[in-house]
Engineer: 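Here you go, one structure.
Here is how names work: the chains are called A, B, and so on, in the same order as the sequence lines, proteins then strands, and each is numbered from 1.
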Amino acid sequence: MPELPEVETLCRQLNTVLPGEKIIQIEVLDPRLGNIARAKVDGAVIFPGSVPKDSGLEKVAGLIGRRVEAVTRRGKYIHLQVEGGLTAALHLRMSGRLLYRPKAALENGRHDPNLQNSGSCPPFSRLVIAFSSGTLVLLDPRRFATFVVQPPAWSAPALPDDPLQGLPARRLWKIARTRRLPVKSFLMDQRLIAGIGNIYACEILFAAGIDPRRPACSLSATEWRKASKSAAAILRRAVDCRGTTMSDWRDLFGCSGTNQDHLEVYSRQGETCRRCSGRIERITQGGRGTWFCPSCQK
DNA sequence: TATAATGTTAGACT
DNA sequence: AAGTCTAACATTAT
């Protein structure tokens with residue numbers, strides 16, 4: 001579900017609530033999550049001493065009692081930088097969501113204990129991280145999301161340039177020269193450009209006036225510059241809008257984004273192109289839907 | 001009941 | 001060898 005703008009939205013919001021907060025407790029509601037995939041414990045509440053040897057939960061347990069220092073984004077990954085040099089790397093994949101629930105204070109000043117455990121969590125809750133100020137819940141109907149705790153020495157793989165700053169047109173043109181795959185698939189290759197997914201690939205190519213079926217190697221240097229400019233503009237606006245809510249995307253506090261109001265092609269098959277009044281088409285590329293305007297995109 | 005859904009990747013081809 | 005394509009992962013919604 002989330003692409004760069006949605007993940008960026010979550011990171012910015014996480015940075016308003018998590019830094020300085022101590023991790024008090026972690027509940028693993030889905031034993032198949034990420035590197036705790038081999039965990040034998042279902043619905044485990046993790047605290048030091050509660051984790052059996054070789055359960056797969058030791059690394060997660062290492063987070064308990066430590067403070068979050070900062071939250072950063074690498075492509076579509078969310079990194080919780082935790083005291084002691086630990087990094088908790090979260091990827092939401094297709095259907096993952098994050099929800100932050102502040103600890104509700106009652107009128108008499110005491111806290112509501114019902115908001116502190118998974119019993120009150122929404123359906124598809126897979127992981128609950130409790131802080132003193134509230135809880136962070138990972139929701140994920142399809143269970144593709146991953147949560148991997150990396151050791152202190154770990155440094156994330158080198159990230160190609162951030163497309164929010166504009167794609168490095170010269171570099172991409174050079175790499176693309178030998179690639180015959182459709183330019184739309186090329187844009188979604190996370191090793192080359194970190195963060196662009198299906199919605200924004202379609203929207204970027206529409207904005208750039210480029211046919212998604214064209215081989216990557218067929219784009220001129222000028223067209224790559226156009227694509228670069230379009231990418232930065234499309235992604236920045238989407239971040240400003242806190243993401244695109246088609247059906248289930250919500251930000252950290254449960255609010256919808258507004259970028260769906262700016263979509264020109266995605267999910268608009270059969271509808272009228274706002275630029276030329278032609279018809280938006282849907283095709284399949286690499287098993288994914290692609291929407292474009294055949295008369296605007298050449 | 002069949003299809004598609006905002007992602008990634010292992011394995012099989014070429 | 002490097003590039004390309006497909007199936008698979010798991011579940012819901014239409």
Engineer: I want to check one thing: is the phosphate of C:dT11, taken as OP1 and OP2, less than 4.0 Å away from some side-chain N or O of A:Arg93?
Structural biologist: no

Engineer: Check whether any side-chain N or O of A:Arg179 sits under 4.0 Å from OP1 or OP2 of C:dT4, and answer yes or no.
Structural biologist: yes

Engineer: How far does the P atom of C:dT12 sit from the matching atom of B:dT8, given to the nearest Å?
Structural biologist: 22 Å

Engineer: Is a salt bridge present between A:Glu83 and A:Lys22, judged by a nitrogen-to-oxygen distance below 4.0 Å?
Structural biologist: no

Engineer: By nearest atom, which of the nucleotides B:dA5, C:dC5, B:dG7 is closest to the A:Lys76 side chain?
Structural biologist: B:dG7

Engineer: What heavy-atom pair brings A:Val17 and A:Leu252 nearest, and what distance separates the two atoms?
Structural biologist: CG2-CD2, 4.2 Å

Engineer: Rounded to the Å, how far apart are A:Ile193 CD1 and B:dG7 P?
Structural biologist: 14 Å

Engineer: May I ask you to say what A:Ser247 touches in the nucleic acid, namely base, sugar-phosphate or nothing, with a heavy-atom cut-off under 4.0 Å?
Structural biologist: base

Engineer: In whole angstroms, how far is the P atom of B:dA4 from the CD1 atom of A:Ile283?
Structural biologist: 13 Å

Engineer: If you look at every heavy atom in A:Lys76 and A:Leu4, which pair is closest and at what distance?
Structural biologist: CG-N, 4.4 Å

Engineer: What is the distance from CZ of A:Arg126 to C1' of C:dT12, rounded to the nearest Å?
Structural biologist: 11 Å

Engineer: Under 4.0 angstrom, heavy atoms only, what part of the nucleic acid is A:Arg191 near: base, sugar-phosphate, or nothing?
Structural biologist: nothing

Engineer: Look at the side-chain N and O atoms of A:Gln190 and state whether any lies under 4.0 Å from the OP1 or OP2 oxygen of B:dT8.
Structural biologist: yes

Engineer: To the nearest Å, how far apart are A:Arg180 CZ and B:dT14 P?
Structural biologist: 16 Å

Engineer: Report yes if a side-chain nitrogen or oxygen of A:His91 is closer than 4.0 Å to either non-bridging phosphate oxygen (OP1 or OP2) of B:dT8; otherwise report no.
Structural biologist: yes

Engineer: So, A:Arg275 and A:Glu264, do they make that salt bridge, N to O below 4.0 Å?
Structural biologist: no

Engineer: With a non-hydrogen cut-off below 4.0 angstrom, is A:Pro141 in contact with a base, only sugar-phosphate, or nothing?
Structural biologist: sugar-phosphate

Engineer: Scan every strand shown for a Watson-Crick or G-U wobble partner of B:dA12, both distances under 3.5 Å, and answer none if you come up empty.
Structural biologist: C:dT4

Engineer: What is the distance from CG of A:Asn198 to P of B:dA4, rounded to the nearest Å?
Structural biologist: 13 Å

Engineer: Name the nucleic acid region contacted by A:Gly96, choosing base, sugar-phosphate or nothing; use a 4.0 angstrom heavy-atom cut-off, strictly under.
Structural biologist: nothing

Engineer: Return no unless some side-chain N or O of A:Arg142 is found under 4.0 Å from OP1 or OP2 of C:dT12.
Structural biologist: no

Engineer: Write down the distance separating the P atoms in C:dA1 and B:dT9, rounded off to the nearest Å.
Structural biologist: 23 Å

Engineer: In whole angstrom, give the distance that lies between atom CE of A:Met94 and atom P of B:dA5.
Structural biologist: 8 Å

Engineer: Please identify which of these residues, A:Thr258, A:Asp251, A:Asn259, meets the side chain to side chain donor-acceptor pair (under 3.5 Å) condition with A:Arg242.
Structural biologist: A:Asp251

Engineer: So is the aromatic ring of A:Phe144 stacked onto the base of C:dA10, judging by whether the centres are under 5.5 Å apart and the planes are under 30° apart?
Structural biologist: no

Engineer: Do A:Arg93 and A:Asp140 meet the salt-bridge criterion of a basic N to acidic O distance under 4.0 Å?
Structural biologist: no

Engineer: Which nucleotide, C:dT12, B:dT8, C:dC5, lies nearest any side-chain atom of A:Phe124?
Structural biologist: C:dT12

Engineer: Between atom CE in A:Met188 and atom P in B:dT9, what is the gap in whole Å?
Structural biologist: 13 Å

Engineer: When you measure from the side chain of A:Leu181, which nucleotide among C:dT4, B:dT9, B:dG7 comes out closest?
Structural biologist: C:dT4

Engineer: Could you tell me the separation between the CG atom of A:Asp248 and the C1' atom of C:dA13, rounded to a whole number of Å?
Structural biologist: 10 Å

